[in-house]
Amino acid sequence: MQVAIAQINCVVGDLAGNAARILSYAHEAKAAGANLMLTPELALSGYSPQDLLLREDFTHHCQRELQALAKALPADITVVVGHPHREHGRCYNAASVLQGGRIVLTYHKHALPNHSVFDEVRYFSPGNKAGVFEHQGVRCGILICADVWEPGPAKVSKQAGAELLLVLNASPFHLEKQQQRYKVLGKRVEETGLPLVYANLVGGQDELVFDGNSVVIDRCGAPVQQLPAFTEQLALVSIDLSPQNRANPLPADIAPGLTREESAYQALTLCLRDYVQKNGFPGAVLGLSGGIDSALTLAIAVDALGADKVHAVMMPSEFTADMSVDDARQMAQLLGVKYTELPIKPLFDQFCATLAEPFAGTSFDITEENLQARIRGMLLMALSNKFGSIVLTTGNKSEMAVGYSTLYGDMAGGFAVLKDISKTLVYRLARYRNSLSQVIPERIIIRPPSAELRHGQTDQDSLPPYDVLDAIMEAYVERDSSRQEIIAMGYREQDVARVLNLIDRNEYKRRQSPIGVRVTERGFGLDRRYPVVSRFVSKD
């Protein structure tokens, strides 16, 4: 028995396009010898449609497209398709078995996650029945994503006679996610004694990126087949039908695992590419400052979109070091992108002259620093408006956490590539990218980071060392550790108090930032929903 895993990249709301993609893969699977194909969770609608699911016309179109797909599929292949399903006034996260031009079975997801980036209780009602069908004499039980993260649904499927579990997934990526999946899948196999085929979505959707990494687990709990990460692929799984090894998958190719830096970089590249292409932007424009964050953002943009679709703009001021301009020019040349220099001193001087009367008697401070950032933001947005390219912001998670960024300045743009990448990880990713080919000048990596908004400025004038800042931020933001718990980790009380105060005070900035790629378990976006107005202070 040959089961095909369709690890595909779907587009939310493109019902006809997603159906055509599933149909194309079904033809390919049949030609390769498969007679059963498994798609990801909500493959027909894309994941997640969010409040589109509250529209009856949307779910109606999904049902109509599903019926048309069933009739269009080639004969002699059964396809399990994930889709939203409305029945008796309720909406379900469903999977249907399409066979012989008909929908022969529809299963409703039991476990509806309502944590982290998930909000399925808002949209779906839970199912409570098994979805088991027979194929070539093998009883196949359907599960959908979170169903496999708790024991109940798999046991229900086994009690209904399942011999093999087929799991449809839209499981978003974060660092170390695959290790968590292996642990959970192994538990379900141990509890039920049933092998499983796990098909996961791949691609970017808003701030989420789905890594694929579809896997096959035998009844001993061992991975026997692993698809590559961040790549669309059709793979065939051979299921043993012999009496002594009935319904057990046979060993096949196992894609090599990725390092932390490899997986993060590929996630950023894929999510940016999909955001730009799925939204129809012709390319991207960004400010190239000669610093590490914009350098890494430029490298990712070129790898995602191609050099011909990326425009780097250097906007030097009187405070910009010559080495910053030289390094920006060198990097643009190394990557072969369009490069423009737009000096901002004349504009800055004009703004200062205009504000001279109301600012009389005051000294140069953060106001003038932010003014420079906002001039740069205006220039980039003007280029975006004129030519249609999306502006990529270059700030990282550490800066976003403590508000070391300027509203309507360096925060102005359409997509924040490094929004969930800490400063220390920025440096590791820069080193990783240079290990592939030298595109980031070494001086950019080794020089002290600076916003260059006043003479002699460095980031550490305003912030603790980034290794300290990032560790405190990770504990507070990603693990919800209290002030005293973080101090007990060995960090100075004054550093902890300072960083936590900055994080709490700057929620209003983060609320106005563009979306960006999520790579950790707790990013600034769907994961973390804090009130802007709040007087809570962590003291315990």
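Here the structure is a predicted model, which is why all the values come from computation and not from measurement.
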Please report the shortest heavy-atom distance between [X] and [Y], naming the atom on each side.
X      : Y      : answer
Pro228 : Gln233 : CG-OE1, 3.0 Å
Ile142 : Tyr107 : O-CZ, 3.5 Å
Pro172 : Val117 : CG-CG2, 4.2 Å
Gly287 : Leu380 : N-CD1, 3.7 Å
Ala295 : Met331 : O-CE, 2.8 Å
Ala170 : Cys145 : N-SG, 3.8 Å

Start with the C-alpha gap between Gln7 and Asn200, add the side-chain angles, then the distance that decides, and say whether side chain to side chain donor-acceptor pair (under 3.5 Å) holds.
-> CA-CA 6 Å; Gln7 181 171 287; Asn200 193 29; over 6 Å; no
Note, [X] side chain near [Y] side chain (heavy atom, < 4.5 Å):
X      : Y      : value
Asn213 : Leu227 : no
Leu270 : Val202 : yes
Asp211 : Arg181 : yes
Glu176 : Arg260 : yes
Arg479 : Glu485 : no
Asp51  : Arg122 : yes
Leu42  : Pro84  : yes
Leu418 : Ile300 : yes

Can you confirm whether the side chains of [X] and [Y] place a donor and an acceptor under 3.5 Å from each other?
X      : Y      : value
Thr424 : Asp470 : yes
Lys155 : Thr192 : no
Tyr404 : Asn506 : no
Tyr530 : Asp504 : no
Thr394 : Thr297 : no

Ignoring hydrogens and angles, tell me if any N or O in the side chain of [X] forms a donor-acceptor pair with the backbone of [Y] under 3.5 Å.
X      : Y      : result
Glu150 : Ala146 : no
Ser157 : Ala154 : no
Lys278 : Gln205 : no
Asn396 : Ser398 : yes
Ser481 : Ala475 : yes
Ser384 : Ile390 : no
Arg188 : Val148 : yes
Glu207 : Leu526 : yes
Arg492 : Ile487 : no
Glu232 : Asn9   : yes

Full working for side chain to side chain donor-acceptor pair (under 3.5 Å) between Asp365 and Thr367 = CA-CA 5 Å; Asp365 61 11; Thr367 306; 3.0 Å; yes
Given the rule in the side chain to side chain donor-acceptor pair (under 3.5 Å) test, do Tyr182 and Gln226 qualify, once you have shown the distances and angles that lead to the verdict?
-> CA-CA 11 Å; Tyr182 278 146; Gln226 171 76 61; 2.3 Å; yes
Can you tell me how far the CG atom of Asp527 sits from the CD atom of Glu521, to the nearest 0.5 Å?
->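 Asp527 CG to Glu521 CD: 8.5 Å, rounded to 0.5 Å.
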Calculate, to the nearest 0.5 Å, the distance between atoms OH and CG belonging to Tyr47 and Leu168 respectively.
-> 13.0 Å
Can you establish whether the number of heavy atoms outside [X] located under 6.0 Å from its atom [atom1] is more than 12?
X      : atom1 : value
Asp322 : CG    : no
Leu436 : CG    : yes
Lys187 : NZ    : no
Arg55  : CZ    : no
Glu190 : CD    : no
Glu493 : CD    : no

Ring-face cation contact, Tyr275 with Arg273, 6.0 Å cut, 45° max =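 Ring-cation test returns no.
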Determine, for Phe524 and Lys397, whether the Lys NZ or Arg CZ falls below 6.0 Å from the six-membered ring centre while staying within 45 degrees of the axis.
-> yes
Given side-chain contact (heavy atoms from CB on, under 4.5 Å), test Asp119 with Asn114 step by step and report yes or no.
-> CA-CA 5 Å; Asp119 203 9; Asn114 201 47; 3.2 Å; yes
Do [X] and [Y] make the cut of ring centroids closer than 6.0 angstrom?
X      : Y      : value
Phe124 : Phe118 : no
Phe230 : Phe210 : no
Tyr265 : Tyr432 : yes

For side chain to side chain donor-acceptor pair (under 3.5 Å), just list the numbers for Asp420 and Thr520, CA-CA rounded to whole Å, side-chain angles, deciding distance to a tenth of an Å, and then say yes or no.
-> CA-CA 7 Å; Asp420 201 28; Thr520 69; 2.9 Å; yes
Basic-acidic side-chain contact under 4.0 Å: [X], [Y]:
X      : Y      : result
Arg428 : Glu261 : yes
Glu120 : Lys109 : yes
Glu262 : Arg433 : no

Using the six-membered ring wherever Trp is involved, compare the ring planes of Tyr92 and His108 and label them parallel, tilted or perpendicular (cut-offs 30° and 60°).
->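 It falls in the parallel class, under 30°.
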Asn434 and Ile445: CA distance, side-chain angles, deciding distance, side-chain contact (heavy atoms from CB on, under 4.5 Å) verdict | CA-CA 10 Å; Asn434 273 359; Ile445 299 176; 3.6 Å; yes
What's the verdict on side-chain contact (heavy atoms from CB on, under 4.5 Å) for Arg376 and Leu379, showing C-alpha distance, side-chain angles and the deciding distance?
-> CA-CA 5 Å; Arg376 290 176 172 131; Leu379 293 174; 5.6 Å; no
Taking it one step at a time, do Tyr123 and Cys91 satisfy side-chain contact (heavy atoms from CB on, under 4.5 Å)?
-> CA-CA 7 Å; Tyr123 306 112; Cys91 189; 5.9 Å; no
Apply ring-ring contact (aromatic ring centres under 6.0 Å, His included) to Tyr466 and Tyr427, showing your working.
-> CA-CA 11 Å; Tyr466 276 116; Tyr427 282 102; 7.6 Å; no
Taking only residues at least two apart or on different chains, which pairs with a member in residues 407-419 satisfy salt bridge (charged side-chain N to carboxylate O under 4.0 Å, His left out)?
->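 Sorted pair list comes back empty.
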